[in-house]
Every structure is written in structure tokens, then in C-alpha cells.
Peer 1: 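The structure is given below, and queries will be raised subsequently.
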Amino acid sequence: MQTYSLPQSNPDSVVLLQITDTHLFANGSGSLLGVATKDSFHAVLNGVDMAARHFDAIVATGDISQDHTPYSYQRFADGISRWSQPCFWLPGNHDFQPTMQSILPSEQIKPHQQVLVGEHWQMILLDSQVQGVPHGEVSATQLALLETALARYPDRYALILLHHHPLEAGSAWLDQHQLHNNHQLWNVIDKYPQVKAVLCGHIHQNLDRIYHGVRVLATPSTCIQFMPDSDDFALDDNNPGWRYLELTRDGKIITSVHRVDGDQFKPKLDAEGY
Ligand SMILES: Nc1ncnc2c1ncn2[C@@H]1O[C@@H]2COP(=O)(O)O[C@H]2[C@H]1O
Ligand SMILES: [Fe+2]
């Protein structure tokens, strides 16, 4: 497995910017439940620029595309090209990996699944996609890759990234689409105390829990948001957002979710859906 080394610009910590669930289309006016996802994606990019907070890398945790087209991925690449920081991405249930890879190699977007982050951390990006269905599974190959990475660097704190949530988020309609073999992921994690957090997307909402002694974080989409703790499908009128994660030299994670201003990205339930 190829490993990427991300240099540490600040001796005390490394900062990641997480962007997730962009659901982009080739067609610039492509919309999901009434929200033009290119526009909301760019509103998040502009929000990050307004925040003017330093970050060392971008992590994009899946559902980059809604229509599987190569150009939808090019839209993502063009959007983040305003920044020079490297981007690490992984597939969600809506992604189509052949076209996702068709825009690589790219100067900025890296295909690596293992990243040595500064001096004290590593991050491991997993593929939890099951072609054609919304739920996720981590294959034996992905579990072996994770275990190999963790065993290789016992002295580095570990952040595991994947698209699907590896625990019940609290909404029945959504939890049917969680990581179906999450017990197998947790069986591996339980063996490696250096794992500090699991970071995911998919549920289009802010989640921050401790599970098996590990922090589990999910982050708002850059387009529509799902209502937390709702057993039936329900949209939330919270705005699109992003997350910063500061990984400190002593293994702490300082994280915050931020959202765009205004109300131009409120979804419409009766609009065209998934
Ligand atoms: N009304 C619904 N009931 C159940 N699942 C849905 C509904 N609407 C969308 N989904 C699926 O649930 C998934 C959760 O988020 P995704 O964006 O991955 O894609 C979504 C759809 O595949
Ligand atoms: Fe998803």
C-alpha cells in the first residue's frame, strides 16, 4: 500500500478540512430536493475562504457525485483548486469509482488510502461502497488494509475515515443504510488503542459521539441536510456546512462544524429527489 506523507506546518497540530456529500452533477444547475448542489458547494468553498482558517489538507468523505459523470468529479476538483493543500478522498454509495478515478492523476487529489499526518498521526481512508445500494460494507481487503496500517505504526495516533456511519445515528430510515458489517470494523479498532476517531459522511448532519472509547464524527453535507433522530425520511433546514479537525501532538482532536450564512439553500421536499 502506497503511503503519503503530509508535512506538519505547525509543531503542535495538523488541521484537516472535511468536505462531504457534495452530490455534484455535470449539469451546473443539477439539483437535489431543490438545492443546486454546485451553488451550495461553492457557497461552502467561499465560506471556508471567509473563515480564513489555516488547514493542512482537505478530506472529502464520499458522495462527491450524484450523476456518476466524469465532469461532476471535475467540478469538485475545479472547486478545490483555489487552494494548494492536498486533498484525500474516498467513495460514497453515490460515487462511481471508474469515473471518480478518470480525473486522476491530479496534482491535488491523492489516491492514497494511508497518510502519515505530520509527526504524530496517521489517517486511513476506507472504501465502504457496495455498488448500487445505499448501505455500506467494509470488505475483508479493506479490513486487512486497516489492520496492516495500524500494526505498522503503533506509535501514531490514528484517524479512520469512511463514508458510511459505523453506528446507529438515531434515524431508522437512515440507519438501514449504515455500515452493515460495522461489528467487523469495531473488532479491528478494539485491538488498536491508538485509534482516536472515526470520521464519516453520509448522514448529512453533525454527529459527535464516543463509541467503544473512540470518537465518531459525521459532518453536514455541502448541500441538503437530514433531520437528526427522525425515524422517517425528513430534511433539516440547517444550512450546508463543513468541519475542521485539529489533530494535536498529544492525540487530542479539536473539531468544529461551520455552516454557510443565508437561506438560499433551503430544500424543498416536493422537489426532485434521489
Ligand atoms: N425517503 C427515503 N427513504 C429511504 N432512503 C432514502 C430516502 N431518500 C433517499 N434515501 C436513500 O438514503 C440515502 C442516504 O443518503 P445518501 O445521500 O447516501 O443517499 C440516500 C438515498 O440513497
Ligand atoms: Fe451517502
Side-chain angles (χ1 to χ4, degrees), residues 18-27 30-41 44 59-69 72-73 75-76 88-97 99-100 125-139 142 160-182 185 198-207 216-243 257 259 265-274:
Q18 183 195 14
I19 286 178
T20 195
D21 296 88
T22 50
H23 290 273
L24 295 168
F25 297 80
N27 169 355
S31 296
L32 198 53
L33 295 170
V35 173
T37 58
K38 175 182 74 77
D39 296 345
S40 61
F41 172 54
V44 165
V59 288
T61 43
D63 280 5
I64 311 294
S65 172
Q66 178 67 21
D67 67 2
H68 291 181
T69 56
S72 64
Y73 292 106
R75 278 196 186 288
F76 177 82
F88 304 89
W89 70 359
L90 54 83
N93 45 293
H94 282 281
D95 287 308
F96 183 54
Q97 297 198 49
T99 47
M100 193 169 178
L125 294 92
L126 299 178
D127 175 354
S128 58
Q129 184 186 64
V130 179
Q131 265 295 338
V133 293
H135 76 263
E137 280 170 25
V138 275
S139 66
Q142 292 296 307
I160 299 168
L161 299 89
L162 75 167
H163 179 68
H164 293 84
H165 56 307
L167 79 176
E168 306 268 327
S171 298
W173 78 272
L174 198 45
D175 289 338
Q176 67 185 325
H177 303 318
Q178 67 180 284
L179 187 74
H180 278 189
N181 65 335
N182 64 58
L185 175 66
V198 178
L199 178 68
C200 63
H202 194 43
I203 62 174
H204 295 224
Q205 59 195 264
N206 181 358
L207 178 133
V216 181
L217 298 164
T219 296
S221 159
T222 64
C223 60
I224 58 165
Q225 312 307 321
F226 297 146
M227 178 71 74
D229 304 320
S230 166
D231 279 347
D232 300 320
F233 179 84
L235 293 171
D236 186 345
D237 67 2
N238 256 327
N239 276 344
W242 67 94
R243 179 186 291 276
V257 163
R259 294 179 188 270
F265 299 116
K266 300 299 175 201
K268 299 167 191 70
L269 247 183
D270 55 351
E272 199 181 314
Y274 279 81

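Here the structure is a predicted model, which means the values were calculated and not measured. Just the heavy atoms: all of them, side chains too, but no hydrogens, waters or symmetry mates, feed the values below. Ligands are counted one by one from 1 in listed order, and the atoms in each one are counted from 1 as well.
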Peer 1: If the plane angle is over 60° it's perpendicular, under 30° parallel, otherwise tilted; pick one for W89 and Y73.
Peer 2: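 Ring orientation of W89 relative to Y73: perpendicular.
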
Peer 1: Under the rule for side-chain contact (heavy atoms from CB on, under 4.5 Å), what residues qualify as partners of F226, not counting sequence neighbours?
Peer 2: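 Applying side-chain contact (heavy atoms from CB on, under 4.5 Å) to F226 gives W173, L174, H204, Q205, I224, F233, L235, Y274.
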
Peer 1: Residues around ligand 1, heavy atom under 4.0 Å from any ligand atom, sorted by chain and number. Can you pull those?
Peer 2: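 Near ligand 1, by chain and number: H23, D63, N93, H94, P134, W173, L174, Q176, H177, H202, H204, F226, F233, Y274.
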
Peer 1: Before we go on, tell me: are the rings of H165 and H202 under 6.0 Å apart, centre to centre?
Peer 2: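 Yes, the ring centres sit under 6.0 Å apart.
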
Peer 1: What protein N/O/S atoms are there under 2.8 Å from the Fe ion (ligand 2), waters excluded?
Peer 2: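 As for protein N, O or S atoms lying under 2.8 Å from the Fe ion (ligand 2), they are D63 OD2, N93 OD1, H163 NE2, H202 ND1.
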
Peer 1: For residues L179 and V138, determine if any side-chain heavy atom of one lies less than 4.5 Å from a side-chain heavy atom of the other.
Peer 2: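 Result yes, sub-4.5 Å side-chain heavy-atom pair found.
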
Peer 1: Can you check whether T61's main-chain N or O pairs, donor with acceptor, with H163's side chain at less than 3.5 Å?
Peer 2: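 Present.
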
Peer 1: Backbone N or O of V130 within a donor-acceptor pair of the N93 side chain at under 3.5 Å?
Peer 2: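 The answer is no, because no donor-acceptor pair under 3.5 Å joins these two groups.
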
Peer 1: Is any side-chain heavy atom of D39 less than 4.5 Å from a side-chain heavy atom of F265?
Peer 2: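 A side-chain contact exists here, since the closest heavy-atom pair is under 4.5 Å.
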
Peer 1: Please name all residues satisfying side-chain contact (heavy atoms from CB on, under 4.5 Å) with Q131, sequence neighbours left out, ordered by chain then number.
Peer 2: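 Q131 satisfies side-chain contact (heavy atoms from CB on, under 4.5 Å) with F96, Q129 only.
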
Peer 1: State whether the side chain of S40 and the backbone N or O of T222 hold a donor-acceptor pair below 3.5 Å, judged by distance alone.
Peer 2: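 Yes; judged by distance alone, with no hydrogens or angles, the pair exists.
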
